[in-house]
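What follows is one structure encoded as structure tokens, with my remarks underneath.
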Amino acid sequence: MQSLVMKPISRFKCYSISLQRTSFPLSLIAIFLGRSSFSSVAAAGWRTEPSALPRNPLSIVNDFTMYCYQRDLGKAMEALDSMQRHKLWADSITYTELIKCCIAHGAVKQGKRVHQHVFSYGYEPKTFLINTLLNMYAKFNLLDEAQTLFDQMPEKNFVSWTTMIAAYSNAELNYKALEMLIMMLRDGVRPNMYTYSSVLRACEGFSTLKQIHCCIIKVGLELDVFVRSALIDIYCKWGELKAALYIFDEMVTSDLVVWNSIIGGFAQNSDGDEALNLFIRMKRSGFWADQSTLTSVLRACTSLALLELGRQVHVHVIKFHRDLVLANALLDMYCKCGSLKDANCTFTRMIVKDVISWSTMIIGFAQNGYSRKALELFEEMKASGTKPNYITILGVLFACSHAGLVKDGQYYFESMKMLYGIDPGREHYGCMVDLLGRAGKLEEAMKLIHKMKCEPDAVTWRTLLGACRVHRNMDLAEYAAKKVLSLNPHDAGTYILLSNLYANTQRWDDVESLRKTMKHAGIKKEPGCSWIEINKQVHAFILGDKSHPQVNSIYQELNQIIWRLKAEGYVPDTNFVLQDLEGEQMENSLAYHSEKLAIVFGMMCLPEGKTVRIRKNLRICGDCHDFAKLLAKMENRSIVIRDPIRYHHFQGGICSCGDYW
DNA sequence: TTAGGGTTAG
């Protein structure tokens, strides 16, 4: 029997405790006082009596235990080395504290040293301790080490299996995660709520998800809040929003994470409206938004181009100023809402920037028509030491393609592998096809498609088709269109593009034939729609729409504006009319495009000098582009239009896209 | 005593 005398060096009382095992003492104190009490005792300066036990094995273990609870990794490792030399071991709980400390510090080497120590000289650690080591390897993403250790375990319990399943799920090795679940079941170990909440993420097929969901219901674990949020999340990831909402609405109690799951799910599935509705419900239920909530709300604002609402969210973002993910979402919101001034300000103020911050700003400049700024920022990014990734290069090529910077684009494309180690992907080729095609180099664009290392998809061919439309190359357009439709026979956009081309070359019979094909196949053109946010309310306009309460005054104002613009030299560009119409009829079919109605409504409602910001679902037509340019000059007003691909900032008779879109 | 859910750029 050995004894340990502990002396307080502060105001605490002295304790004398008799002990029987070297690996037992301070853990007993910890349990006796409660772990937090022990931690505070250790932190307050308790120490072993040095004169009493200078090299006593017990004091070595005590030192080790104390350093582990103090989270002093360096000293704990020194003490561990000393224990190893003396063939001493501490208790499992103490090792767990040390392993947690290794995980927190990303200390892989030290973690492996602990692993080696607890198996040294034939020592047999408990299953509980091996589980902690498994978890450590999982957190370090050292899955081979975890699997080897798992295979060597004399006894595996449900935590061992669940740890491995979670490890493979987190690493997106979904097949392995599901395989582990099957093996777990075959081993006769019952999965619990921890297991199911981990394995759900690994469901790659909808039928697998359904099967696991059935198992969850059968064993009555659907009520567990973690399982339920995992279910909501995976259904959202599969785009099954109705199912996700059903699971969410069934919940009796919920917590903030579940709210975040459902709000995030809708925001990520481009249903910003429902995401914002759910956010309002969440607030009414008494929850306060955290970083995750605000990130999803900003994403919803971004998809709906709600700048004013986004600004309100910004106020709440300030208290989480250290959250990089949230800061990036805010930056993206300002970029996508076309407010480059706010975006630049946000970007400049960010103390820490990662590759996503830089890429967001580069893409933001490129989409808003500031290609040169995008390329300058790319150089700045490299100078800062941030390594570009796949998406950054995509943004750079996007900047080149949208400004017709053929030589720059070719340089970045050809050197991306050598300089940044990034293989060109389908999207990079797509940008180059766009760049070459819209610069009139259609043959080169075609050759590049044939040289692609990956198979061109419908988007690639559609890009070429878009360039053919600009340069009125009918033969290549028909070829590209056939390619698109062979890959995606229901692509309404391609029918419309081809129809536009036929219309531009007065091939009205072909226009009619296409329309019949579409009708026969049940393919419908998405109607052009524009949105504008006025005083926190969103107003939607559809081509020729007359449902708005102020419809009469809007149409009256639009007609007057067109009349005044014509006096200034505006000539409607009837190349964008699809029907076989003549004269005034052709002009009328252009006059009431949704963006024109939205612009006019914005000018009627917004104070003088306030920028009119429009979001629309289809690419802007040439006539509306001319209309917006001339109107911005005539009324001395900035107009910003965001279409699905890029942004147009109209000011003083010119557009930021330089008429190149 | 060990294992589980939500957020950012194309």
Side-chain angles (χ1 to χ4, degrees), chain A residues 27 30-31 35 91-97 99-100 125-136 138-139 157-167 169-170 191-201 221 224-234 236-237 254-265 267-268 289-300 302 317 320 323-333 335-336 353-364 366-367 388-398 425-428 430-431 459 645:
Chain A
S27 301
I31 294 163
R35 192 191 298 179
D91 65 297
S92 299
I93 299 168
T94 307
Y95 287 122
T96 301
E97 288 300 316
I99 291 165
K100 278 182 194 168
K126 292 177 183 173
T127 303
F128 147 70
L129 177 54
I130 306 177
N131 287 344
T132 311
L133 284 168
L134 281 181
N135 182 48
M136 178 191 78
K139 294 291 184 292
N157 65 14
F158 55 98
V159 177
S160 325
W161 286 101
T162 302
T163 305
M164 291 306 295
I165 288 169
S169 279
N170 287 333
N192 66 3
M193 59 278 267
Y194 286 81
T195 323
Y196 283 119
S197 60
S198 295
V199 81
L200 277 167
R201 216 171 330 136
L221 288 172
D224 181 83
V225 74
F226 283 75
V227 171
R228 206 165 262 245
S229 64
L231 277 169
I232 290 168
D233 190 48
I234 189 73
C236 286
K237 283 197 170 62
S254 88
D255 63 12
L256 182 62
V257 175
V258 181
W259 279 106
N260 288 344
S261 293
I262 195 77
I263 294 170
Q268 283 159 30
D290 71 356
Q291 294 99 312
S292 177
T293 328
L294 293 175
T295 304
S296 295
V297 170
L298 280 173
R299 189 172 175 146
T302 305
V317 167
F320 301 111
D323 191 303
L324 186 56
V325 173
L326 183 55
N328 286 342
L330 181 73
L331 178 65
D332 192 43
M333 184 276 293
C335 287
K336 297 268 189 325
K353 300 180 182 85
D354 65 0
V355 65
I356 295 183
S357 325
W358 288 97
S359 305
T360 303
M361 198 65 234
I362 289 168
I363 293 161
Q367 285 182 322
N389 67 12
Y390 188 96
I391 295 173
T392 322
I393 304 296
L394 208 54
V396 167
L397 296 179
F398 191 86
R426 192 179 282 124
E427 294 102 326
H428 297 105
C431 272
V459 177
I645 306 291

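Here is how names work: the chains are called A, B, and so on, in the same order as the sequence lines, proteins then strands, and each is numbered from 1. Every heavy atom of this structure was used, including side-chain atoms; hydrogens, water molecules and symmetry mates were not.
On a pure distance criterion of 3.5 Å, a polar donor-acceptor pair joins the side chain of A:S229 and the base of B:dG5. The base of B:dG4 sits with one of its N or O atoms less than 3.5 Å from a complementary donor or acceptor on the side chain of A:S197. Judged by distance alone, with hydrogens and angles left aside, A:D224 brings a side-chain donor or acceptor within reach of the base of B:dG4, the pair sitting under 3.5 Å.
The separation between A:L200 atom CG and B:dA3 atom P is 19 Å, rounded to whole Å. Here B:dG5 presents its P atom at 13 Å from CG of A:D255, a figure rounded to the nearest Å. At whole-Å resolution of the value, CG in A:D233 and C1' in B:dG5 are 7 Å apart. Summarising the geometry, the separation between CH2 on A:W161 and C1' on B:dA3 is reported as 14 Å, rounded to the nearest angstrom. Atom pair A:R299:CZ and B:dT8:P shows a separation of 5 Å (rounding to whole Å applied). In this structure, A:N170 places its CG atom 9 Å from C1' of B:dG4, rounding to the nearest Å. We find that CD1 of A:I645 is positioned 11 Å from P of B:dG10, with the value rounded to whole Å. Atom CG of A:L256 and atom P of B:dG5 are 15 Å apart (whole Å).
Within the 4.0 Å cut-off from OP1 or OP2 of B:dT2, not a single side-chain nitrogen or oxygen of A:K139 is found. Contact annotation: A:Q268 reaches the phosphate of B:dT8 (side-chain N/O to OP1 or OP2, under 4.0 Å).
When the nucleotides B:dA3, B:dG10, B:dG5 are ranked by their closest atom to the side chain of A:E427, B:dG10 comes out on top. Listed candidates were B:dG10, B:dA9, B:dG4. Nearest to the side chain of A:V227 is B:dG4. Here the nucleotide nearest the side chain of A:T163, chosen from B:dG5, B:dA3, B:dA9, is B:dA3. Of all nucleotides listed (B:dT7, B:dG5, B:dT8), B:dT8 comes nearest to the side chain of A:A329. Here B:dT1 is the nucleotide among B:dG5, B:dT7, B:dT1 with the atom lying nearest to any side-chain atom of A:I93. Across B:dG5, B:dG10, B:dG4, the shortest atom-to-atom separation from the side chain of A:N135 is found for B:dG4. Considering only side-chain atoms of A:V258, the nucleotide from B:dT8, B:dT2, B:dG5 that sits closest is B:dG5. Nearest nucleotide to the side chain of A:M193, out of B:dA3, B:dG4, B:dT7: B:dG4. For A:S359, the side-chain atoms get nearest to B:dA9 when compared with the rest of B:dA9, B:dT8, B:dA3. When each of B:dT8, B:dG5, B:dT2 is scored by its nearest atom to the side-chain atoms of A:V225, the top-ranked nucleotide is B:dG5.
Of the N and O atoms on the side chains of A:N389 and A:T392, at least one donor lies less than 3.5 Å from an acceptor on the other residue. Side-chain atoms of A:N328 and A:D354 include a donor-acceptor pair closer than 3.5 Å. Side chains of A:D233 and A:S261: no donor on one and acceptor on the other come within 3.5 Å.
Within the nucleic acid shown, A:K353 has no heavy atom closer than 4.0 Å to any nucleic acid atom. Looking at heavy-atom distances under 4.0 Å, A:F398 makes no contact with the nucleic acid at all. At the heavy-atom level, A:T360 lies under 4.0 Å from the strands shown only through sugar-phosphate atoms. Looking at heavy-atom distances under 4.0 Å, A:S92 makes no contact with the nucleic acid at all. Within 4.0 Å of A:T162, counting heavy atoms only, lies at least one base atom of the nucleic acid. Within 4.0 Å (heavy atoms only), A:I391 reaches at least one base atom of the nucleic acid. Across all strands shown, A:Y390 has heavy atoms under 4.0 Å from base atoms, whether or not it also approaches the sugar-phosphate. Contact annotation for A:R201: backbone-only contact, meaning every heavy-atom pair under 4.0 Å involves sugar-phosphate atoms and none involves a base.
A side-chain donor-acceptor contact under 3.5 Å links A:H428 to the backbone of A:Y390.
Nearest approach of A:A300 to A:A267, heavy atoms of both residues: N-CB, 4.4 Å.
Every side-chain hydrogen bond (donor to acceptor under 3.5 Å, both in side chains) that A:S254 has, sequence neighbours left out, goes to A:W259.
Between A:C236 and A:I232 there is a side-chain heavy-atom pair separated by less than 4.5 Å.
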